[in-house]
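Everything on this sheet refers to the single structure shown next.
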Amino acid sequence: MAGQQDDRTAERLAPAPAMTPESAPAARVAVVADPDGRGGSLQPLTEGGTPLGAPLRVRDLVAAMAAWEEVPPAGPRWVWAATDELYSRLLPDLPERRLARCHDVKLVEPLLLAQEDRYGEPRSLGAAWARLHGQPVPADLPEGPAAADSDQDSLFAPDRSRLPPGTDPLTALVAVHAEQQRRIAATADPARTRLLCAAESAGGLIAAEMGHDGLPWSAEAHDALLVELLGPRPRGGSQQQPPKLAALVAELQQALGGRPINPDSPAQVLRAFAEQGVSLASTRNWLLRQVDHPAAPLMIQYKELSRIHVAHGWAWREAWVRDGRFRPEYVVGGVVSGRWASRGGGALQIPRIMRGAAVADPGWLLVVADAGQLEPRVLAALSGDPGMIRAGARGDLYAGLAAEAFGGDRARAKLGLLGAMYGQTSGETGQLVAVLRRKFPQAMGLVEAAARTGETGGVVRSRLGRVCPPPSAEWLDRNESAARAGDGLADDAARDSRSRGRFTRNFVIQASAADWALAMIAALRRRLALIPSEVPGDRPRLVFFQHDEVVVHTPAQLADAVREAVSAAGEEARRLVFGDTPVHFPLDTHVAATYLDAKEGTDDEPEDED
DNA sequence: TACAATGACACA
DNA sequence: TACGTGTGTCATTGTA
């Protein structure tokens, strides 16, 4: 990269030497890529976003940025309109040391809008630019579908920045960024907002990298799993059912009176069961399990296998796995709570058994770490409830809880706490929640205050200040008219109200857990980059992230270093997000060749992923 | 014919 | 009374 020979070198490297920390310490650098070709424009900035000197034009953006990245002590924070557009484009050409930090205008904008009571307004650079200038705000373009097998992707990829024609993108970017920095400083807790924006932006980097690198996926192992479950792959294309599935349908038909039946049609299945004298409200598994009829277990088995065939079978692999990697598209902030969503391939719903097909390359291993009991620990840390903190100081929070309040009955302690966090008040759980309220008043007070806020139309926020969506206009309408009249709408309104209470009750926990998880992977990414590797390309990489669980693909000899990085990252996230709380957020780490084996790990403990 | 809603089940 | 939160994806079914 640096120090190459051709005549472009002087221009390419000009920005870095000219801007060493001594001469002009640029804390940040705004970047815009030319719409076509390899060039772009850079604008060094102060931390607050004030331009330092004139903008720079470079013919080779990747080389210029790589050179900047080497400037001690840490390289700048890159400021750009959207990671998922710019960084994704640069990644294939970036050298081994990837960009360390960024500020993503499109990810930061909705976080700030929500804090400013403008939830859901358009978030593109052009929209922010228009708001800044009091001009009509362009709507965001719908995000495209994942480009798994689309043959017209990059050529016609629309410019999503939504800037008015003739606007200089670098000028707009610099102005909007400076304004965002000002708005961050104006929030109720600037330090936390700053952390939230940095974590969200780091998430953008990680999502792009994981989409680029992909989760190692073995076609052989996947095939073996499918053949074992479904029988050999049908030759006649995807229309045909695999043998075990076809046999199951025949058996089912027999058991239901012999007439042809499509088990994928709930209506037909219900009718057929009714003819057998079995009346069912739906074809849900848990209902079928209670039915004493030979067709019921067949139906359950059919559903299980059919789902695997349809959602993660051979057709799925052909659509989503290329060159031994499953490459979904991760959508940072795709869930209101700050969790990620994904597009394409159902990345966040890979069934447990299928994880046996996620196999490390030869000589490599998967390090799988999940934060056990994350949400109750978050509640303990958020509320500072002394009893819950005592429980959370132990390895198993539910056991601690049981010891404090349920005579050692762990199952009841767990059920009660989950009920309290999710808003379940019916049946036995209601009584358990009552016990919790007595023993852990601060913790229960926190979730119940959140519920009341939601029920009355208010908004709640996560630890780092992510704000939940406000109620819709229809919701407010219904509630107000019900309050006015006690008419027929009252029941609906009351149901709405309680439903929103459950949502806000859960939001403070789920979103604060997402705060922690985001800070954790950001810290982990930075720490992984510091692990020395003997072969330049062979370094540990984040390859999967699912709410409270992370997978690192690493050369086998670095697995121990990765484990240490994981545990240090968890500790760092606790400190950053929850300050000096005594609650711990232990990461359960396992190392194995396949995701499934690493997940199962030591199978002596009950699994409590949420 | 194309799209939207529904039901079901996968994940945390 | 009785109610757990948040997602994505598929096939079927209903509607424009």
Side-chain angles (χ1 to χ4, degrees), chain A residues 145-146 148 238-239 241 262-270 280-288 299-300 302-313 315-316 319-320 328-331 333-355 370-375 378 415-430 432-433 447 450-451 454-455 460 462 468-469 491-492 494-514 517 544-550 595 599 607-610:
Chain A
S238 54
Q239 303 299 54
Q241 263 179 334
N262 177 0
D264 290 326
S265 163
Q268 283 186 38
V269 172
L270 290 185
L280 285 165
S282 76
T283 65
R284 288 214 171 82
N285 256 330
W286 66 272
L287 273 175
L288 285 169
M299 189 64 211
I300 291 169
Y302 171 84
K303 285 183 181 212
E304 282 170 0
L305 294 184
S306 161
R307 178 166 184 87
I308 286 164
H309 178 231
V310 155
H312 291 94
W316 172 86
W320 297 108
E329 186 182 348
Y330 296 92
V331 186
V335 180
V336 293
S337 64
R339 283 182 169 186
W340 293 8
S342 71
R343 259 196 305 264
L348 303 184
Q349 295 100 236
I350 305 171
R352 271 192 128 69
I353 18 161
M354 286 293 112
R355 296 178 183 191
D370 70 279
Q373 307 173 336
L374 176 58
E375 296 195 348
V378 164
L415 204 65
L417 189 53
L418 291 176
M421 290 191 302
Y422 295 153
Q424 189 167 40
T425 53
S426 66
E428 197 199 356
T429 309
L432 301 177
V433 172
V447 291
E455 284 167 4
V460 295
S462 74
C468 83
D491 281 357
D492 279 357
R495 205 175 15 256
D496 270 16
S497 171
R498 279 193 299 273
S499 160
R500 186 149 194 287
R502 284 193 298 276
F503 166 62
T504 50
R505 172 195 293 264
N506 185 242
F507 183 95
V508 292
I509 311 278
Q510 190 184 107
S512 299
F544 192 66
F545 170 57
Q546 183 177 31
H547 312 317
D548 60 4
E549 176 179 355
V550 65
Y595 188 4
K599 200 56 191 154
E607 308 259 348
D608 296 307
E609 268 99 43
D610 54 8

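Letters go in sequence order (proteins before strands), and every chain restarts at 1.
Judged purely by atom type and a 3.5 angstrom limit, A:Trp340 has no side-chain atom pairing as donor or acceptor with the backbone of A:Gly334.
When distances run from any side-chain atom of A:Arg502 to the nucleotides C:dT5, B:dA12, C:dT13, the shortest one goes to C:dT5. Minimum atom distance to the side chain of A:Gln349 is reached by B:dA10, of the listed B:dC9, B:dA10, C:dG6. With distances taken from any side-chain atom of A:Gln546 to the nucleotides C:dT5, B:dC11, C:dG4, the minimum falls on B:dC11. When each of C:dT13, C:dT5, B:dA8 is scored by its nearest atom to the side-chain atoms of A:Gln510, the top-ranked nucleotide is C:dT5. Of the candidate nucleotides C:dG4, C:dG6, C:dT7, C:dG4 has the atom nearest to the side chain of A:Leu418. Counting only heavy atoms from C-beta on, A:Val335 has its side chain closest to C:dT7 among B:dA10, C:dT7, C:dA11. Looking at the side chain of A:Val336, the nearest of the listed nucleotides C:dT7, B:dA12, C:dT13 is C:dT7.
For the atom pair OG1 of A:Thr283 and NZ of A:Lys303, the computed distance is 3.5 Å after rounding to the nearest 0.5 Å. Taking OH of A:Tyr595 as the start and CD1 of A:Ile350 as the end, the distance is 6.5 Å to the nearest 0.5 Å. With rounding to the nearest 0.5 angstrom, the CD atom of A:Glu304 is 16.0 Å from the NE2 atom of A:His309.
A straight line from CH2 of A:Trp286 to C1' of B:dG7 spans 14 Å, rounded to a whole angstrom. A:Gln424 has its CD atom 5 Å from the C1' atom of C:dG4, to the nearest Å. The CE atom of A:Met421 sits 19 Å away from the P atom of C:dC3 (whole-angstrom rounding). Whole-Å rounding puts the A:Glu304 CD to B:dC9 C1' distance at 10 Å. Between the CD atom of A:Glu375 and the C1' atom of C:dT5 there is a distance of 8 Å, rounded to whole Å. If you measure from atom CG of A:Leu287 to atom P of B:dG7, you get 14 Å, rounded to the nearest angstrom.
Minimum heavy-atom separation, A:Asp548 to A:Leu374: CB-CD2, 3.6 Å. For the residue pair A:Tyr422 and A:Glu375, the shortest heavy atom distance occurs at OH-OE1, 3.3 Å.
Using a 4.0 Å heavy-atom distance criterion, A:Ile509 is classed as making no nucleic acid contact. At the heavy-atom level, A:Arg284 lies under 4.0 Å from the strands shown only through sugar-phosphate atoms. No contact: A:Thr429 has no heavy atom under 4.0 Å from any strand. The residue A:Gly346 sits close only to the backbone: its heavy atoms come under 4.0 Å of sugar-phosphate atoms, none of a base. A:Arg500 comes within 4.0 angstrom of no nucleic acid atom, judged by non-hydrogen atoms across all strands. Backbone-only engagement by A:Ala341 is indicated by non-hydrogen atom pairs under 4.0 Å involving sugar-phosphate atoms exclusively. At the heavy-atom level, A:Gly334 lies nowhere under 4.0 Å from the strands shown.
Contact between the side-chain N/O atoms of A:Asn262 and the OP1/OP2 oxygens of C:dT12 is found at a separation under 4.0 Å. Residue A:Lys303 places none of its side-chain N or O atoms closer than 4.0 Å to OP1 or OP2 of B:dA8. Note on A:Arg352: a side-chain N or O is less than 4.0 Å away from OP1 or OP2 of B:dA12. Within the 4.0 Å cut-off from OP1 or OP2 of C:dT12, not a single side-chain nitrogen or oxygen of A:Ser265 is found. Residue A:Asn285 places no side-chain N or O under 4.0 Å from the OP1 or OP2 atom of B:dA8. For C:dC3, the OP1/OP2 oxygens have no side-chain nitrogen or oxygen of A:Arg498 closer than 4.0 Å.
Across all strands shown, C:dG4 has no partner, as no Watson-Crick or G-U wobble contact with both distances under 3.5 Å is found.
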